There are 2 protein chains.
Amino acid sequence: MARISQIDKATPPLKASGAEPRSVGFRQREKIIRAATGVFSQKGYDGARVEEIAQRAGLPKGNVLYYYKTKKNLYRVVIEQVLSLWLEALGDISADDDPCDAMSQYIRRKLDLSRNYPEASRLFAIEVIGGAPVIGEHLKGRLRDWVTQKGAIFHSWQQEGRMAPIDPAHAFFMIWAVTQTYADFQAQIEAVISPANYDAEVYEKGAPGVVAALVRGLGLSSQKQPLR
Amino acid sequence: MARISQIDKATPPLKASGAEPRSVGFRQREKIIRAATGVFSQKGYDGARVEEIAQRAGLPKGNVLYYYKTKKNLYRVVIEQVLSLWLEALGDISADDDPCDAMSQYIRRKLDLSRNYPEASRLFAIEVIGGAPVIGEHLKGRLRDWVTQKGAIFHSWQQEGRMAPIDPAHAFFMIWAVTQTYADFQAQIEAVISPANYDAEVYEKGAPGVVAALVRGLGLSSQKQPLR
DNA sequence: CCGAAAGTTGACCATTCGGTCAAAAGTGAG
DNA sequence: CTCACTTTTGACCGAATGGTCAACTTTCGG
């Protein structure tokens, strides 16, 4: 099985789909999702075995399928959860903000996401690299709208000469690329600069320079300036 | 089968492993590699089916296995070829170059790689995201050395105030992240800015701004300047 | 033109893996 | 305690897939 397409019925038991915070199955679902995120993010959809997810979650395979009916369905739940995390955590950027401050903060927040949820980042990357078969529609909807909206803000900043004249969408692509690379390409980074402690070495020592470089690259300034 | 580890014997027939440019099997191997690159890059190692690779190459499955013995072996050949392409095509950067020119050119070249070999880029990404089980050693060797060497050049530029004081390794991570994102995250970019023609819209219209932003971000200048 | 080596092919096999199922065990409201 | 429910579990099944094989055809140097 390679492609994921149709929608299967919602996750089973427990009236409504949510799962009540105290029910027996709630903890189980949590464990399963956590385990699944880890496995899917490393092996991709096809490479992941339900058996391994079950093992990591500490229960038999049958039990995993009991909660999430099918592997496909489990995958969808996991990846949609990741996308939500992404979109929610992005925070807001408003036209009134100081461009330099607002974007520095945004970039730092994005960097924190990579740091705190590297597996989520990698899972997202695998999904997109594979053509985004599951979340493609969401990207064309929610994400696209978000970019369009923020793009307008960039545009106004550019009018005031407080941001370099770069296509707003591309500005985001740059920022996302750089921030996510620290999660997605961790293996490569570790190979190149064998850090004793990845977080300390990379996110604490390396990050400030990277944030600065991005802000400088986007030509973000605090004062209004004449267009060069 | 999920993990790839031990080394299996080289690709079979044809004395030496190379394959003579005119032999019957030469074209076949080429076709197979091309097909395999495509399939692996989209589905990952486990998701790829030998049958599909064979179909794309226009021959029966048995024939593919005849040339590359095992799926694992085929994967290794493909990915190592990609890494070679990567390292070779990077070109040289020398201390005598003008930082601004040299890096602009380097970035443009890297962007061309993404444009001309998007599948190779995605395959590389999947491998690294999965922990680089196959090319990890190469990264710790060849790539690491390359970065160390070029890093020294960056350092000398920084001494002269012709480059921002950013960790050289991170400078590369940034550049790679940004340039590769156009291949790896194509699906996302297409979702956000539905381009009629990806190449034209993204690489021709978008690229210049991106190159400029990177150069600006890295603080690369043509003249020597006092450290700020 | 001959013969050995290279290449082709489809049938076949063993294994793996997602998913089913039924029987047993737990849970909790009334 | 009882009854209806949720949950647990491992045995089991069928399909898919990597890899083998033996028979057959093609290629090509001498």
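Numbers restart at 1 for each chain; the letters A, B, ... are given by sequence-line order, proteins then strands. Note that this is a predicted model, so its numbers are computed, not measured.
- Proximity of the aromatic rings of Tyr68(B) and Tyr75(B) is defined here by a centroid distance below 6.0 angstrom, and this criterion is not met.
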Donor-acceptor list for residues 175-183 of chain A side chains, cut-off 3.5 Å, not counting sequence neighbours:
from: Trp176(A); atom 1: NE1; to: Tyr106(A); atom 2: OH; distance (Å): 2.8
from: Thr179(A); atom 1: OG1; to: Ile175(A); atom 2: O; distance (Å): 2.8
from: Thr179(A); atom 1: OG1; to: Trp176(A); atom 2: O; distance (Å): 3.2
from: Gln180(A); atom 1: OE1; to: Lys110(A); atom 2: NZ; distance (Å): 3.1
from: Tyr182(A); atom 1: OH; to: His170(B); atom 2: ND1; distance (Å): 2.8

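- Going from atom CD of Glu51(A) over to atom P of dT16(C) covers 12 Å, rounded to whole Å.
- The distance from atom OH of Tyr68(A) to atom P of dT7(D) is 12 Å, rounded to the nearest whole Å.
- Heavy atoms of Ala48(A) sit under 4.0 angstrom from primed sugar atoms or phosphate atoms, though from no base atom.
- What separates CG of Leu59(B) from P of dG10(C) is a distance of 11 Å, to the nearest Å.
- A salt bridge does not link Glu51(A) with Arg56(A): none of the charged nitrogens is closer than 4.0 Å to a carboxylate oxygen.
- Whole-Å rounding puts the Lys69(A) NZ to dT6(D) P distance at 12 Å.
- Side chains of Trp146(B) and Lys150(B) form a contact here, defined as non-hydrogen atoms less than 4.5 Å apart.
- For Gln28(B), the listed nucleotide lying nearest its side chain is dT8(C); candidates were dG18(D), dT9(D), dT8(C).
- For the pair Tyr66(B) and dG7(C), the criterion of a side-chain N or O lying under 4.0 Å from OP1 or OP2 is met.
- Between dG18(C), dG19(D), dG7(C), one nucleotide has an atom nearer to the side chain of Lys71(A) than all others, and that is dG18(C).
- A donor-acceptor contact under 3.5 angstrom links the side-chain atoms of Lys61(A) to the base of dG18(C).
- Taking atom CZ on Arg29(A) and atom P on dT8(D), their separation rounds to 10 Å, with Å as the unit.
- By the ring-ring contact (aromatic ring centres under 6.0 Å, His included) test, Phe185(A) is found to be paired with no residue, residues two or more places apart in sequence or in another chain being considered.
- Note on Asn63(A): a side-chain N or O is less than 4.0 Å away from OP1 or OP2 of dT8(D).
- In this structure, of dT20(D), dT9(D), dT9(C), it is dT20(D) that holds the atom nearest to the side chain of Leu65(B).
- If you measure from atom CD1 of Ile53(A) to atom C1' of dG18(C), you get 11 Å, rounded to the nearest angstrom.
- We find that CG of Asn73(B) is positioned 10 Å from P of dG19(D), with the value rounded to whole Å.
- Of the candidate nucleotides dT6(D), dT8(C), dG19(C), dT8(C) has the atom nearest to the side chain of Tyr67(B).
- Distance, Tyr45(A) OH to dA16(D) P: 14 Å, rounded to whole Å.
- The Pro60(B) side chain lies nearest to dT9(C) when the options are dG18(C), dG18(D), dT9(C).
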